[in-house]
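All remarks here apply to the structure that follows.
Starting from 1, each residue takes its place in the sequence as its number. Note that the coordinates shown come from a computational prediction; the quantities given were computed from them, not determined experimentally.
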Amino acid sequence: MFSKGNGSIIAHGWDKTEIPDSMDNCILETRNLAKEFKGFVAVIDVSLKVRRGAIHALIGPNGAGKTTVFNMLTKFLAPTQGTIHFKGHDITHEKPAQVARRGIMRSFQISAVFPHLTVLENVRVALQRKLGTSFHFWRSESSLKQLNNRALELLDSVGLRARANVVAVELPYGSKRTLEIATTLALDPELLLLDEPTQGMGHEDVEKVKELIRKVADQRTILMVEHNMSVVSHLCDAITVMQRGSVIAEGSYEQVSSNPQVMEAYMGVAAHA
């Protein structure tokens with residue numbers, strides 16, 4: 001549960017006296033984003049700004065609309081209304097491949113790796129995608145060795161180099177999620193979207209992934225959906241809280257954790273659990 005901090009309560013915005021210019025350096029912005037499914041409104045009027053270089057969390061109770069927002073950002077779903085802007089470009093109507101080429105990449109709640117390829121081969125496949133080489137299906141495997149050095153560098157950066165030749169299906173769950181992050185990094189994203197990166201992990205793996213996210217954030221912007229408040233409180237520069245499809249608060253952890261609407265949303269869930 002949230003612990004109260006000393007920050008002021010700021011709903012629907014940042015305290016400009018604390019961060020005077022940072023919100024002007026925006027890499028991703030949504031304006032009045034909404035999604036309706038046959039009469040059911042899953043997301044309504046979500047206006048979101050993500051600062052370049054920040055770790056920004058999107059949190060809220062189950063069913064708040066977080067994953068729907070992620071699906072619209074990565075174009076798995078088309079918005080019913082509203083716009084999405086990335087680096088000043090309107091990408092609202094672009095296809096998933098176009099958005100990926102712009103530098104927006106996503107990991108999923110469920111680990112998405114090739115289970116019967118080795119750890120090294122998984123990363124190498126991602127590097128081939130980045131190069132646009134159509135996976136070199138017509139060439140010998142030896143031609144792919146030019147990618148090995150970069151693949152090993154990426155594995156080293158996430159702590160998986162020692163398992164380079166292990167078949168992915170044999171990895172423990174936490175290492176599979178780490179491998180997925182490595183394959184996403186191979187595509188060299190500017191904005192990395194992480195959907196529940198610590199879901200289902202034990203304490204030790206959660207700590208490893210926290211450190212990995214902190215390290216990865218040195219060179220890119222991260223927007224993450226996460227339920228683990230320990231992860232959010234230690235990692236995130238900015239937090240957007242959603243409930244029933246709408247944004248109810250934004251700010252630092254100290255600000256949103258003291259917000260009465262946020263406390264009510266989480267305590268209400270706890271009371272009926």
Side-chain angles (χ1 to χ4, degrees), residues 14 19 21-33 35 43 46-60 65-79 82-109 112 123 126-127 129-132 154 157-158 177-199 209-226 231-232 235-242 247 250 252:
W14 281 88
I19 309 175
D21 298 316
S22 58
M23 288 307 292
D24 295 329
N25 187 20
C26 177
I27 190 171
L28 178 74
E29 180 179 6
T30 70
R31 301 172 188 170
N32 308 114
L33 204 61
K35 182 61 182 178
V43 170
V46 170
S47 295
L48 174 70
K49 284 187 175 183
V50 179
R51 290 183 293 119
R52 189 182 300 274
I55 304 177
H56 192 127
L58 189 60
I59 69 171
K66 306 178 299 295
T67 298
T68 301
V69 169
F70 258 40
N71 285 335
M72 287 190 284
L73 293 178
T74 49
K75 315 324 300 278
F76 287 87
L77 288 174
T83 58
I84 303 168
H85 300 261
F86 179 64
K87 296 169 59 178
H89 299 283
D90 188 339
I91 64 168
T92 310
H93 302 294
E94 291 189 354
K95 297 184 182 299
Q98 292 174 293
V99 170
R101 283 193 292 270
R102 285 190 182 274
I104 302 176
M105 299 293 170
R106 175 186 178 177
S107 72
F108 292 84
Q109 285 183 336
V123 177
L127 288 170
R129 287 180 59 194
K130 176 66 177 177
L131 294 175
L154 285 164
S157 72
V158 300
R177 297 307 305 269
T178 301
L179 174 58
E180 183 187 354
I181 292 175
T183 59
T184 307
L185 293 178
L187 300 172
D188 197 23
E190 286 190 67
L191 174 63
L192 178 58
L193 276 61
L194 300 177
D195 197 356
E196 298 282 5
T198 67
Q199 185 183 48
V209 170
K210 277 169 58 177
E211 290 307 310
L212 175 57
I213 292 171
R214 186 177 284 113
K215 183 178 180 180
V216 165
D218 284 341
Q219 301 175 23
R220 54 188 55 82
T221 305
I222 293 178
L223 176 62
M224 59 191 290
V225 169
E226 181 57 62
V231 173
V232 171
L235 281 181
C236 296
D237 307 299
I239 300 167
T240 299
V241 188
M242 293 185 64
V247 173
E250 288 183 333
S252 67

Provide the closest heavy-atom pair for [X] versus [Y] in the form atom of the first, atom of the second, distance.
{"X": "Ile222", "Y": "Ala217", "answer": "CD1-CB, 3.9 Å"}
{"X": "Phe86", "Y": "Glu190", "answer": "CZ-CB, 4.3 Å"}
{"X": "Glu226", "Y": "Pro197", "answer": "OE1-CD, 3.2 Å"}
{"X": "Arg31", "Y": "His85", "answer": "NH1-NE2, 3.4 Å"}
{"X": "Lys87", "Y": "Arg52", "answer": "CG-NH2, 4.1 Å"}
{"X": "Thr183", "Y": "Ala126", "answer": "O-CB, 3.3 Å"}

Nearest-0.5 Å distance, [atom1] of residue [X] to [atom2] of residue [Y]:
{"X": "Leu192", "Y": "Ile104", "atom1": "CG", "atom2": "CD1", "answer": "11.0 Å"}
{"X": "Ile239", "Y": "Ser252", "atom1": "CD1", "atom2": "OG", "answer": "7.0 Å"}
{"X": "Met224", "Y": "Thr198", "atom1": "CE", "atom2": "OG1", "answer": "6.5 Å"}
{"X": "Leu191", "Y": "Ile27", "atom1": "CG", "atom2": "CD1", "answer": "5.5 Å"}
{"X": "Leu194", "Y": "Gln199", "atom1": "CG", "atom2": "CD", "answer": "13.0 Å"}
{"X": "Lys35", "Y": "Thr68", "atom1": "NZ", "atom2": "OG1", "answer": "9.0 Å"}

Is there side-chain contact between Glu180 and Val158, with heavy atoms separated by less than 4.5 Å? no

Minimum side-chain heavy-atom gap Leu77-Met72 below 4.5 Å: yes

Assess the residue pair Thr74 and Leu193 against the criterion (side-chain contact (heavy atoms from CB on, under 4.5 Å)); give the C-alpha distance rounded to whole Å, side-chain angles, the decisive distance to 0.1 Å, and a yes or no. CA-CA 9 Å; Thr74 49; Leu193 276 61; 3.8 Å; yes

Flag, side chain of [X] to backbone of [Y], donor-acceptor distance under 3.5 Å:
{"X": "Thr92", "Y": "Ile84", "answer": "yes"}
{"X": "Arg220", "Y": "Pro189", "answer": "yes"}
{"X": "Lys49", "Y": "Leu28", "answer": "no"}
{"X": "Asn32", "Y": "Gly82", "answer": "no"}
{"X": "Thr30", "Y": "Val46", "answer": "yes"}
{"X": "Lys66", "Y": "Met242", "answer": "no"}
{"X": "Thr240", "Y": "Glu250", "answer": "no"}

Between Val225 and Glu196, does the side-chain contact (heavy atoms from CB on, under 4.5 Å) criterion hold? Intermediate values first, please. CA-CA 5 Å; Val225 169; Glu196 298 282 5; 3.9 Å; yes

Go through the steps for Leu127 and Leu154 under the test side-chain contact (heavy atoms from CB on, under 4.5 Å), then give the verdict. CA-CA 10 Å; Leu127 288 170; Leu154 285 164; 4.1 Å; yes

Under the side chain to side chain contact (heavy atoms under 4.5 Å, CB included) test, residues paired with Arg214 that sit two or more places apart: Glu211, His234, Leu235

Test applied, side-chain hydrogen bond (donor to acceptor under 3.5 Å, both in side chains); reference residue, Glu94; option that passes from Lys75, Arg101, Arg102: Arg102

Please step through side-chain contact (heavy atoms from CB on, under 4.5 Å) for the pair Leu48 and Val247, ending with a clear verdict. CA-CA 9 Å; Leu48 174 70; Val247 173; 6.0 Å; no

